[in-house]
Novice: 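I have a structure here, written as structure tokens, and I will follow up with some questions on it.
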Amino acid sequence: MKKGNYQKETLLVHEGYDSGQHHDSLTVPLYQTSTFAFETAEQGARRFVGEESGGIYSRLGNPTVRVLEERMAAMEYGASALAFGSGMAAVSAILVHLTKAGDHILCTRGIYGCTFGLLNIMKKKYNITHDLAALATEEEIEAVIKPNTVCIYVETPINPTMEIVDIELITKVAKKHGIQVVVDNTFSSPYLQNPLQLGANFVLHSATKYINGHGDVIAGILVGSDKEEMDVIRGTVQKDFGGIISPFDAWLLIRGLKTMHVRMERHTKNAEEIVAFLKASDHVENLYYPFDENNPQYEIAKKQMTAGGGLISFTVKGGMKNAQKFMNELALIKIAVSLGDAETLIQHPTTMTHSGVPEKERLEMGITDGLLRLSVGLENASDLIEDMKQAFAEL
Ligand code: PLP
């Protein structure tokens, strides 16, 4: 494809692929191979030292995976991207890359349960400590930065409380201290939010979610603003820890990406209708949605996101008992963790995604026993609302 200054919708369909180099195949071919045959011994030697481009071994690079990486790098306005076998493989790759024993990582007040688990492993094994903090004002951020802080790890909107963190503010303070900022952008997708444009150094995704969008792949993506540093990660942590994606999963993600813009718009439209319904319901105590006008962080959300997306959290009156009963009464909406799929999914963070987080930390993260997280799918919004209505009627 001739290079142009294309918009996101076009990048999602075309970026990183030139059919002329792949037997004119319209769609990206699946190179389902573990290794690549060299024509001569000398050619193999040249490829290993980087004198000649071309395949070597799929853990070191694969043409299908490369298309996915180029498309994601463009979508996040990054210098380059790396694809991994899970979101957690992307999280662990960047945290291992950025830290050494004795360092400190500063995190937003809430983080995904397994990221929390990883941080605790790093603390136990390598004395890499961490703190969770609200990071809401410049003074607050300055107060929690330590001399050994090397990384600020941000989730926004935070899983599952939907709290919004001001990316621009954090990167501004971090730069003064020479600290790198990593943003987990899973909840927004690159269609709704681009942290690198707000000054972050790295952005990552559980590509399992909106990148794929069809609930049939576990994968991760890391995008960086500095090509040289990304090349270092490709040649070290990614290559030697080996948490790479399979070519088939990369191919499925490329297929998913083609419809991301259409999906995100529909997820958002459905979510907006459901927010209005839940806000009017007597059974709902609190509701958290980035673009809800009553959200105290609405202005920050509008500054850094182009739409509210498909995730809503809310508390049901009556705590855990009623939250679980409500879930059990649903007929159409599926009880499942994960998010960003065509199917609407509901989960109970206290007993599911964040069950590994001790109660004290969980409550500090704002995850109360009655909290539910809804990932709004692509169904008809009225059908979803009817399902919730009949479930509420049983409480
Ligand atoms: N980050 C967030 C915000 C998540 O919700 C998840 C998974 O739910 C992950 C990271 C980890 O991704 P994966 O399950 O693909 O390893």
Side-chain angles (χ1 to χ4, degrees), residues 68 72 76 81-96 105 107-121 130 132 151 153-165 167 182-190 192-193 195 200 202-223 238 241-246 249-250 252-253 256 267 288 290 305 309-313 334-341 343 345-357 362 365-367 371-376:
L68 169 68
M72 281 303 301
E76 284 287 12
L82 297 169
F84 291 87
S86 71
M88 284 314 302
V91 175
S92 51
I94 188 60
L95 290 182
V96 167
I105 301 170
C107 305
T108 42
R109 186 158 58 169
I111 45 171
Y112 173 59
C114 295
T115 304
F116 187 75
L118 169 68
L119 288 171
N120 280 324
I121 295 172
H130 61 268
L132 273 59
C151 164
Y153 188 91
V154 174
E155 262 186 42
T156 181
I158 294 178
N159 179 15
T161 55
M162 304 308 290
E163 192 178 327
I164 307 290
V165 182
I167 300 172
V182 179
V183 179
D184 182 334
N185 202 23
T186 302
F187 268 36
S188 297
S189 88
L192 303 187
Q193 178 171 273
F202 297 96
V203 56
L204 63 87
H205 289 271
S206 166
T208 313
K209 314 295 170 7
Y210 289 115
I211 308 287
N212 176 44
H214 293 77
D216 47 18
V217 173
I218 300 275
I221 300 279
L222 175 70
V223 187
Q238 193 196 38
F241 278 58
I244 52 132
I245 194 171
S246 81
D249 285 350
L252 285 171
L253 294 187
H267 283 301
Y288 310 98
M305 298 171 74
L311 287 157
I312 306 166
S313 287
K334 305 284 180 221
I335 304 172
V337 294
S338 203
L339 56 104
D341 297 336
E343 297 83 359
L345 309 178
I346 194 160
Q347 70 111 353
H348 182 237
T350 298
T351 56
M352 295 178 181
T353 49
H354 289 68
S355 55
V357 180
R362 183 168 55 71
M365 288 181 182
I367 305 168
L371 188 76
L372 293 174
R373 188 191 74 194
L374 189 71
S375 168
V376 180

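Counting convention: from 1, in listed order, for ligands and their atoms alike.
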Novice: Going by the atom numbers of ligand 1, which of them fall below 4.0 Å from some non-hydrogen atom of Ala219?
Specialist: 15 (O)
Novice: Among protein heavy atoms, which lies nearest atom 5 (O) of ligand 1, and at what distance?
Specialist: Asn159 ND2, 3.3 Å
Novice: For atom 8 (O) of ligand 1, state which one of Met88, Glu155, Lys209 supplies the nearest heavy atom.
Specialist: Lys209
Novice: Measuring from atom CD1 of Ile312 to atom OH of Tyr288, what distance do you get when rounded to the nearest 0.5 angstrom?
Specialist: 13.5 Å
Novice: Would you mind checking which non-hydrogen protein atom is closest to atom 15 (O) of ligand 1, with the distance to 0.1 Å?
Specialist: Thr208 OG1, 2.6 Å
Novice: Which option wins on minimum heavy-atom distance to atom 13 (P) of ligand 1: Gly110, Gly87, Ser375?
Specialist: Gly87
Novice: Kindly confirm or rule out an N or O of Arg373 lying under 3.5 angstrom from an N or O of ligand 1.
Specialist: no
Novice: Students should be able to answer this: which protein heavy-atom is nearest to atom 11 (C) of ligand 1, and at what distance?
Specialist: Tyr112 CE2, 3.5 Å
Novice: Quick one: pull up CE in Met305 and CD in Gln193 and give me the separation to the nearest 0.5 Å.
Specialist: 5.5 Å
Novice: Please report which non-hydrogen protein atom sits nearest to atom 10 (C) of ligand 1, along with the residue it belongs to and the distance in Å to one decimal place.
Specialist: Asp184 OD2, 3.5 Å
Novice: Under 6.0 Å between ring centres: does that hold for His130 and Tyr153?
Specialist: no
Novice: Does the side chain of Lys334 reach to within under 4.5 Å of the side chain of Asp341, using non-hydrogen atoms?
Specialist: no
Novice: Measuring from Phe116:CZ to His354:NE2, what's the distance to the nearest 0.5 Å?
Specialist: 9.5 Å
Novice: To the nearest 0.5 Å, how far apart are CD1 in Ile245 and CG in Leu82?
Specialist: 11.5 Å
